[in-house]
Amino acid sequence: MADKSEKTKARLPRGFADRSAEDIRAVEKMMATIRSVYELYGFEPADQPLIEYTDALGKFLPDQDRPNEGVFSFQDDDDQWLSLRYDLTAPTARFVAENFERLPKPYRSYRSGWVFRNEKPGPGRFRQFMQFDADTIGTPGVAADAEMAMMMADVMEALGIKRGDYVIRVNNRKVLDGVLEAIGLGGEENAGRRLTVLRAIDKLDKLGPDGVRLLLGPGRWDGGKEGEGDFAKGAGLNDTQAQAVLMATARNVQAGQDASVSGNAVYQGGVGELATIEALVRAAGYAEDRIAMDRSVVRGLEYYTGPVFEAELLAEIPNEDGQIVRFGSVGGGGRYDGLVSRFRGEPVPATGFSIGVSRLMTALKNLGKLDSADVIAPIVVLVMDKDTESLGRYQKMVGELRAAGIRSEMYLGGAGMKAQLKYADRRGCPIAVIQGGDERAKGELQIKDLIEGARMSAEITDNAEWRASRPAQVTVAEGELVAEVKKILAAQAADRVKGGASRPSSP
């Protein structure tokens with residue numbers, strides 16, 4: 001026998017999460033709704049692998065011995081660098097470029113899947129999470145961007161989020177690009193500082209103007225005071241430059257149009273495209289309470305080249321600790337005209353939207369808009385005798401139930417009756433089927449209603465009346481198994497409709 005000290009410690013890697021049956025079913029239910037809206041808009045499903053050549057991911061190129069800029073990477077047997085995908089957009093761009101001639105243009109597709117970030121994990125910040133994207137590639141006008149914003153608004157409402165509890169915010173990166181150009185941060189040599197500015201503005205809701213001003217300037221300590229937490233290096237802007245950026249990204253769409261930037265052609269182009277998007281969505285009946293023009297939206301990724309958008313939940317929602325919080329952004333996207341183009345050397349316009357699946361699912365569950373309570377745990381056929389003939393009878397019972405469309409299982413553990421009933425209770429099973437030697441000799445079996453007392457006992461004053469109308473256990477002939485199980489399940493379903501105690505969902 002191995003020494004205890006030699007046993008491997010069971011531990012979950014930092015930044016990753018195990019998923020329960022309840023969470024998996026809730027995600028599938030939510031994604032089915034999102035998928036139905038995407039399909040309604042004429043988008044088609046597609047999928048790309050989790051692993052791409054590292055250079056296909058764009059800015060994530062090998063640095064010294066290995067890529068280390070936010071991606072998990074490794075070398076294959078012919079020394080090619082491969083990386084787990086950072087998002088779904090770069091693999092989509094690679095796929096379109098590789099299959100450009102055979103795809104219809106515009107190419108309208110959606111996809112969902114896991115993405116990976118080789119970054120420091122923290123509360124609510126994972127190294128693996130799921131996204132659900134929709135993309136339109138091959139359409140140059142901002143009508144495609146307006147459609148993305150409208151589709152996201154329709155997704156929110158399809159998920160049961162009422163107007164006033166969400167908003168799709170729209171901006172244009174050209175507005176900020178024009179400001180940065182006007183204050184001397186144009187050109188390739190300033191690309192790193194521009195990215196720092198973008199990521200600083202992206203934290204406006206979290207840190208406020210004062211915190212962002214520090215990130216635009218000398219930098220900021222995570223704890224808010226010198227020496228507290230880690231230090232984030234700033235973009236090194238002076239006070240005048242920082243003020244111009246903050247004015248141009250104020251939430252009010254009319255803010256920041258001062259003389260220092262108003263004459264910039266890139267800035268004016270962005271303002272004009274925003275006006276066109278607003279006209280299109282208003283003409284389609286989407287008012288400002290659903291889609292709002294908002295200069296504070298910039299998105300932190302550097303590949304966006306034009307309109308950008310963000311889906312924000314406005315409702316105050318209890319989190320998993322019961323604290324009332326505002327969830328904020330649950331998805332975003334924008335125009336990325338350069339991603340496909342860099343593979344082909346010719347302009348290929350593209351725009352897309354990405355939903356953060358886990359974050360949106362948590363918000364919907366806490367809003368009471370999403371659950372898996374309609375999933376009934378399986379009926380359990382207890383194993384009282386373990387000889388081959390008896391096991392065959394139990395398996396036949398399970399087969400009859402499954403043939404009738406009823407989830408069921410034969411207990412396959414090695415425990416006795418008491419432990420089997422405890423197992424059924426832990427699974428949240430509604431019914432247990434029992435047949436020992438005495439019942440088998442008579443061609444009978446017992447059907448135990450495991451939810452018999454908890455649902456309605458608080459509403460029944462006469463317990464005798466309750467037990468007479470809904471006995472905890474009945475004995476029936478073997479041939480009546482399916483009919484009696486259906487009868488009990490129907491009674492339990494009626495209890496739930498009447499507001500009975502919630503049955504645990506199947507793990």
Side-chain angles (χ1 to χ4, degrees), residues 17 19-48 87-89 92 108-115 126 128-136 144-170 281 284-287 289-291 309-320 326-333 351-376 493 496-497 502 505-506:
R19 303 171 71 211
S20 68
E22 181 183 8
D23 283 347
I24 292 170
R25 289 192 176 105
V27 164
E28 289 176 348
K29 185 175 182 180
M30 180 185 80
M31 291 176 68
T33 300
I34 298 171
R35 187 178 298 111
S36 68
V37 178
Y38 288 176
E39 291 272 357
L40 191 65
Y41 272 70
F43 287 78
E44 299 289 348
D47 193 21
Q48 282 74 49
D87 60 16
L88 300 180
T89 308
T92 300
R108 297 160 66 83
S109 62
Y110 67 85
R111 61 201 38 80
S112 62
W114 296 107
V115 298
F126 293 95
Q128 175 185 339
F129 52 94
M130 187 176 290
Q131 293 181 334
F132 200 163
D133 289 16
D135 298 88
T136 300
D145 304 283
E147 182 187 61
M148 282 290 169
M150 292 186 287
M151 186 166 71
M152 286 308 105
D154 289 350
V155 164
M156 294 296 108
E157 296 198 6
L159 291 169
I161 304 171
K162 65 179 186 294
R163 294 183 194 182
D165 285 348
Y166 77 89
V167 67
I168 310 301
R169 302 192 187 280
V170 182
V281 299
Y286 294 78
D289 63 340
R290 301 183 71 192
I291 300 176
F309 9 85
E310 205 157 76
E312 182 179 350
L313 295 187
L314 305 176
E316 293 187 335
I317 308 168
N319 63 15
E320 293 177 344
R326 186 162 164 174
F327 261 72
S329 175
V330 292
T351 189
F353 198 99
S354 179
I355 292 173
V357 171
S358 297
R359 185 169 178 80
L360 180 55
M361 181 204 72
T362 299
L364 290 173
K365 284 178 67 177
N366 293 353
L367 268 174
K369 301 292 185 183
L370 189 68
D371 62 57
S372 55
D374 55 346
V375 177
I376 306 298
R496 291 194 295 275
V497 171
S502 174
S505 60
S506 174

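Quick caveat: nothing in here was measured; it's all calculated off a predicted structure.
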**Report entry** Nearest non-hydrogen partners of Val170 and Ala149, listed with the distance
**Finding:** CG2-CB, 4.1 Å
Requested in this report: Mind telling me whether Phe132 and Tyr38 have parallel, tilted or perpendicular rings, with 30° and 60° as the class edges?
Outcome: perpendicular
Query raised in the report: Nearest heavy-atom pair of Ala158 and Thr33: which atoms, and what distance?
Result: O-CG2, 3.5 Å
Query - Partners meeting side chain to side chain donor-acceptor pair (under 3.5 Å) with Asp135 (sequence neighbours left out) - result: Arg111, Tyr336
Query raised in the report: What residues form a side chain to side chain donor-acceptor pair (under 3.5 Å) with Arg108, not counting sequence neighbours?
Result: Glu147
Report summary line: So CZ of Phe309 and CE of Met151: to nearest 0.5 Å the spacing works out to 9.0 Å
Query raised in the report: What do the steps show when you test Asp154 against Tyr286 for side chain to side chain contact (heavy atoms under 4.5 Å, CB included), and what is the final call?
Result: CA-CA 10 Å; Asp154 289 350; Tyr286 294 78; 3.0 Å; yes
**Report entry** pair Arg359-Phe129: side-chain heavy atoms closer than 4.5 Å
**Finding:** no
Query raised in the report: Is the side chain of Arg169 donor-acceptor paired with the backbone N or O of Glu312 at a distance under 3.5 Å, no angle test?
Result: no
Report task. Show the numbers, then the answer: is there a side chain to side chain contact (heavy atoms under 4.5 Å, CB included) between Glu310 and Ile168? Result -> CA-CA 6 Å; Glu310 205 157 76; Ile168 310 301; over 6 Å; no
**Report entry** From CG (Leu360) to CD1 (Ile161), nearest 0.5 Å
**Finding:** 5.5 Å
Query raised in the report: Please walk me through it: do Lys369 and Asp165 pass salt bridge (charged side-chain N to carboxylate O under 4.0 Å, His left out)?
Result: CA-CA 13 Å; Lys369 301 292 185 183; Asp165 285 348; over 6 Å; no
Query raised in the report: Shortest non-hydrogen contact from Ala144 to Thr351?
Result: CB-CG2, 3.9 Å
Requested in this report: Using a 4.5 Å cut-off on heavy atoms from C-beta on, say whether the side chain of Arg163 contacts that of Arg290.
Outcome: yes
Report summary line: Smallest heavy-atom separation, Leu88 atom then Thr92 atom, equals O-OG1, 2.7 Å
**Report entry** Distance-minimising heavy-atom pair for Ala363 and Leu313
**Finding:** CB-CD1, 3.4 Å
**Report entry** Criterion side chain to side chain contact (heavy atoms under 4.5 Å, CB included) on Ile355 and Met31, from CA distance to verdict
**Finding:** CA-CA 10 Å; Ile355 292 173; Met31 291 176 68; over 6 Å; no
Report summary line: CE (Met152) and CZ (Phe353) are apart, to the nearest 0.5 Å, by 5.5 Å
Requested in this report: Could you check Ile291 against Met150 for side chain to side chain contact (heavy atoms under 4.5 Å, CB included), going step by step and ending with a plain yes or no?
Outcome: CA-CA 7 Å; Ile291 300 176; Met150 292 186 287; 3.8 Å; yes
Query - Close side-chain approach of Pro45 to Glu39, heavy-atom, < 4.5 Å - result: yes
Query - Nearest-0.5 Å distance, CE of residue Met156 to CG of residue Leu314 - result: 11.0 Å
Query raised in the report: For the residue pair Lys365 and Ala26, what are the closest heavy atoms and their distance?
Result: CD-CB, 4.3 Å
**Report entry** From Gln48 atom CD to Ser109 atom OG, the distance as rounded to the nearest 0.5 Å
**Finding:** 7.0 Å
**Report entry** side-chain contact (heavy atoms from CB on, under 4.5 Å), paired with Gln131, selected from Thr89, Val357, Asp87
**Finding:** Asp87
Query raised in the report: To the nearest 0.5 Å, how far apart are CE in Met130 and OG in Ser354?
Result: 11.5 Å
